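Take a look at the structure below.
Residue numbers start from 1 in every chain, and the chains themselves are labelled A, B, ... in the order their sequence lines are given, proteins ahead of strands. Because the structure is a prediction, the values reported are computed rather than measured.
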2 protein chains.
Amino acid sequence: MATIYEVSELAGVSLATVSRVINDSGVVSPKTRDKVIEAMRELGYRPNTIAQSLATKRSNSVGVLIPELYGPFFGVILSSIEDELRTESKHVIITAGHSDEAIEKDGIEFLSSRNCDALILHVYAVSDEYIEQLRESNIPIVVIGRSVPGMESNCISIDNEQGGYAATKTLIELGHRQIATITGPLWKNDGKRRFEGYRRALDEFGLEFNPALQAEGDYEEASGRRGMRQLLEQEIPFTALVCANDEMAAGAVAVAQQRGISIPDDLSVIGFDNVYFTTYMNPALSTVHYPIEDMGRMAARCVLRDVYGMNGKAIQNRFEPRVVRRASTKGH
Amino acid sequence: MATIYEVSELAGVSLATVSRVINDSGVVSPKTRDKVIEAMRELGYRPNTIAQSLATKRSNSVGVLIPELYGPFFGVILSSIEDELRTESKHVIITAGHSDEAIEKDGIEFLSSRNCDALILHVYAVSDEYIEQLRESNIPIVVIGRSVPGMESNCISIDNEQGGYAATKTLIELGHRQIATITGPLWKNDGKRRFEGYRRALDEFGLEFNPALQAEGDYEEASGRRGMRQLLEQEIPFTALVCANDEMAAGAVAVAQQRGISIPDDLSVIGFDNVYFTTYMNPALSTVHYPIEDMGRMAARCVLRDVYGMNGKAIQNRFEPRVVRRASTKGH
DNA sequence: ATGTAAAATGTAAGCGGTTACATTCTATCT
DNA sequence: AGATAGAATGTAACCGCTTACATTTTACAT
């Protein structure tokens, strides 16, 4: 690969001049500019980004840490972040945190050591304090799916409690009175908040919360199946089920149908997230829309703004979930 | 951030010595090694990977270009590649090609300019010649999901024709005689091959191919819906349907069910890929297993072997699809 | 022609590491 | 004790670029 030095030789100018035309900085006479450009073309020259980074202390890379790289949810985050960043010639380095404190920390460490200009984090296990600390230390951070006190403007989050509430309320208004739930992991903030929303809706309508009608899952489909079996074993009748995400809803629905329970005739089910496969299900799953694509985009814009000084695009930090009614819920 | 220079000062040794202990290279007496390590600890020193890259001409990053970052299929590739590479401290830079020649080329350009040590490519639009050329030019390439003549050992591929054949044969053996198909884009290699397999199976069992029972899709769910409507409009009866991927199958099934066609009683459907949501469907979708996770892993191992000289892990270049029978197919 | 300010270009010192080669210790042998 | 090989350490050039500052050109006014 040709270097800037060879270009300068061929063009008969100095290194600095070549650098100037590369970066469009400083003033270069049109004549020399042309000579340089021609020389670059002739040599097939492309700047070495590593050397540029070393000299400028800018790597133009942003690290993205998400729980998993697969799945209907995280793929979309990734996709929107990359899309937004790529148009500004920033590249994204990815790694997975697996919702485990040690792995998440390790991932952050890994990305920082890669000289990322900024980090976009979707983390569960790591504490608010740790995140706060990170920010103070050195590297710009944007947190997604969580609101860290004191750094709200660098967080892109959604009101999970409201989502859980809305889902449950929808069912209640449909006439259901025995409403079971399969929650997310209660140690995860969003799992907890969605559950709290469920509780609030029950309270508000004077329905008593029955712990036997609650099962805790882990957001994976298998735990939805387990949860459903567990609920059924209680032999306490219920006519509706709110699940803390769509995957678990899919698992629950599968078990129910297997046992001859008709959805939505015998049981109304609502999920959460509105991932794409909800419309492939039979019946199509009612759910709570989580604007994950927009949120990823906003996270990217945050770093564009804070780190690369690019403004212009609007940023929304807080989102509201909204219920999407499909065929898996009906009146009772 | 502390530099190697500060460490050398504090430890009272030369730059070279510090570098030696960082890289475990050369001989360093245990005493000095300890001094250096202590100094690094004290300063919280971490090597600057950018500077290392510049000096060694190794960025320890591998670029991954896939059609899309979202979706059930590509997430899994990404996940397995990252997983495999991360354990060796290599990081992955991602970008999407959107199955468009210009965008794919641009993505390759983008990744190379990022000084990736190697590229893992899942590309459709770009020609074999272009890929071959790339390899000759400079940067190590591993191609996934496609076999480029002359560089088979750097390709991780699967026998799509065989997959299409097996899917169709399964249906035929179940007693079906009118078998429709919704193909992938026929300009894409895998779409074409799967379709060819379908044709071969028909031939082999003496069934005539009826063009009216073929619709071309684009691998997206919506095109499965469109395809199904189109097939139904022909008013030519068919009792089975082979789809070139699971998403289109999901779309086709949804349309069928909407029109009161029972799966599998009235119509047997088989997909392709065996992505995770096939088991969420009702009925669960029969499909052809595409070992995408293994293939991603193998691609990663290829670069580990070829670029970073790490052997030891077995590599398989060619994979065989196999039919997975679930509830969406039955005898006729 | 001469002086001067502004425009254009060049010089050289970093950025933070690696590494070939040179130099200095150490230990062993005679 | 002196010679010597091998181990340990140091020196300095280099990776390819940016940029503060110095120098040279150019254009224009006098």
Side-chain angles (χ1 to χ4, degrees), chain A residues 1-40 43-61 89 112-117 138-139 308-309, chain B residues 1-40 43-61 89 112-117 138-139 308-309:
Chain A
M1 199 60 196
T3 71
I4 197 176
Y5 179 76
E6 300 169 45
V7 174
S8 77
E9 286 247 290
L10 207 166
V13 298
S14 73
L15 293 184
T17 302
V18 178
S19 178
R20 286 187 190 103
V21 353
I22 293 173
N23 300 295
D24 250 348
S25 64
V27 258
V28 181
S29 76
K31 234 183 308 179
T32 20
R33 155 171 274 103
D34 287 350
K35 270 195 306 189
V36 172
I37 290 181
E38 171 57 19
M40 297 200 301
L43 292 169
Y45 170 79
R46 276 187 346 213
N48 179 324
T49 51
I50 300 277
Q52 286 180 317
S53 294
L54 185 58
T56 59
K57 297 163 174 302
R58 261 288 153 79
S59 66
N60 288 309
S61 67
S89 286
S112 325
S113 82
R114 247 55 207 190
N115 295 79
C116 294
D117 295 333
N138 41 7
I139 187 168
Y308 301 110
Chain B
M1 200 59 196
T3 71
I4 197 175
Y5 179 74
E6 300 170 44
V7 174
S8 76
E9 286 246 292
L10 205 162
V13 299
S14 72
L15 292 183
T17 301
V18 177
S19 179
R20 285 188 191 104
V21 352
I22 292 173
N23 299 295
D24 251 346
S25 63
V27 258
V28 181
S29 76
K31 236 183 307 179
T32 20
R33 154 171 274 103
D34 287 350
K35 271 194 306 189
V36 171
I37 291 182
E38 172 56 20
M40 297 199 302
L43 292 168
Y45 170 79
R46 276 186 345 213
N48 179 323
T49 51
I50 300 277
Q52 286 179 317
S53 294
L54 185 57
T56 59
K57 297 162 173 303
R58 262 289 152 79
S59 65
N60 288 308
S61 68
S89 286
S112 330
S113 81
R114 247 56 207 190
N115 297 79
C116 293
D117 294 333
N138 41 6
I139 187 167
Y308 301 111

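- DNA chain C is contacted by A:Leu54, A:Ala55 of residues 48-56 of chain A, taking any non-hydrogen atom closer than 4.0 Å.
- In this entry the distance linking CG of A:Leu15 with C1' of D:dA20 reads 15 Å, nearest Å.
- Put simply, CG on A:Asn23 is 17 Å from P on D:dG16, counting in whole angstrom units.
- Among residues two or more places apart in sequence or in another chain, the side-chain contact (heavy atoms from CB on, under 4.5 Å) test is passed with B:Ser53 by A:Ile50, B:Ser59.
- At the phosphate of D:dG16, OP1 or OP2 sits under 4.0 Å from a side-chain N or O atom of B:Lys57.
- In terms of position on DNA chain D, the residue among A:Ala16 and B:Thr32 whose nearest nucleotide sits closer to the 5' end is B:Thr32.
- Remark: A:Ile139 CD1 to A:Asn115 CG distance equals 8.5 Å, nearest 0.5 Å.
- Here the range on DNA chain C touched by chain A, meaning any atom under 4.0 Å from one of its heavy atoms, is C:dA8 to C:dG16.
- Remark: P of D:dG16 and CE of A:Met40 are 17 Å apart, rounded to the nearest angstrom.
- Nucleotides of DNA chain D nearest to A:Arg20 and B:Thr17 differ in position, and the one nearer the 5' end is that of B:Thr17.
- With sequence neighbours left out, the side chain to side chain donor-acceptor pair (under 3.5 Å) criterion links B:Thr32 to B:Ser29.
- Counting non-hydrogen atoms under 4.0 angstrom, B:Ser19 reaches a base of the nucleic acid.
- Looking at heavy-atom distances under 4.0 Å, A:Val28 makes contact with sugar-phosphate atoms alone, never a base.
- Atom CZ in A:Arg114 sits 11.0 Å away from atom CG in B:Asn48 (nearest 0.5 Å).
- Here A:Glu6 pairs with nothing under the salt bridge (Lys or Arg N to Asp or Glu O under 4.0 Å) rule; sequence neighbours left out.
- Residue pairs meeting the salt bridge (charged side-chain N to carboxylate O under 4.0 Å, His left out) criterion with at least one partner in residues 47-58 of chain B, sequence neighbours excluded, do not occur; the list is empty.
- By the side-chain contact (heavy atoms from CB on, under 4.5 Å) test, B:Asn23 is found to be paired with B:Ser19, B:Ser25, B:Gln52, residues two or more places apart in sequence or in another chain being considered.
- The residue B:Ser25 sits apart from the nucleic acid: no heavy atom pair falls under 4.0 Å.
- Distance B:Ile4 CD1 to D:dA12 P: 17 Å, rounded to the nearest Å.
- The side-chain contact (heavy atoms from CB on, under 4.5 Å) check on B:Ala39 picks up B:Val7, B:Leu10, B:Ala11, with sequence neighbours excluded.
- Counting non-hydrogen atoms under 4.0 angstrom, A:Ser29 reaches the backbone sugars and phosphates but no base.
- Within the helix from C:dA1-D:dT30 to C:dT30-D:dA1, the inter-axis angle between the opening and closing five-pair segments is 60°, rounded to 10°.
- Counting heavy atoms from C-beta outward, B:Ser112 and A:Arg46 have side chains that approach closer than 4.5 Å.
- Checked against side-chain contact (heavy atoms from CB on, under 4.5 Å), A:Ser14 has the following partners two or more places apart in sequence or in another chain: A:Ala16, A:Thr17.
- Counting only residues at least two apart or on different chains, the salt bridge (charged side-chain N to carboxylate O under 4.0 Å, His left out) pairs with a member in residues 19-31 of chain A are A:Asp24-A:Arg33.
- Residues satisfying the side chain to side chain donor-acceptor pair (under 3.5 Å) criterion with A:Ser8, sequence neighbours excluded, are absent altogether.
- Counting any heavy atom pair closer than 4.0 Å across all strands shown, A:Val13 reaches sugar-phosphate atoms only and no base atom.
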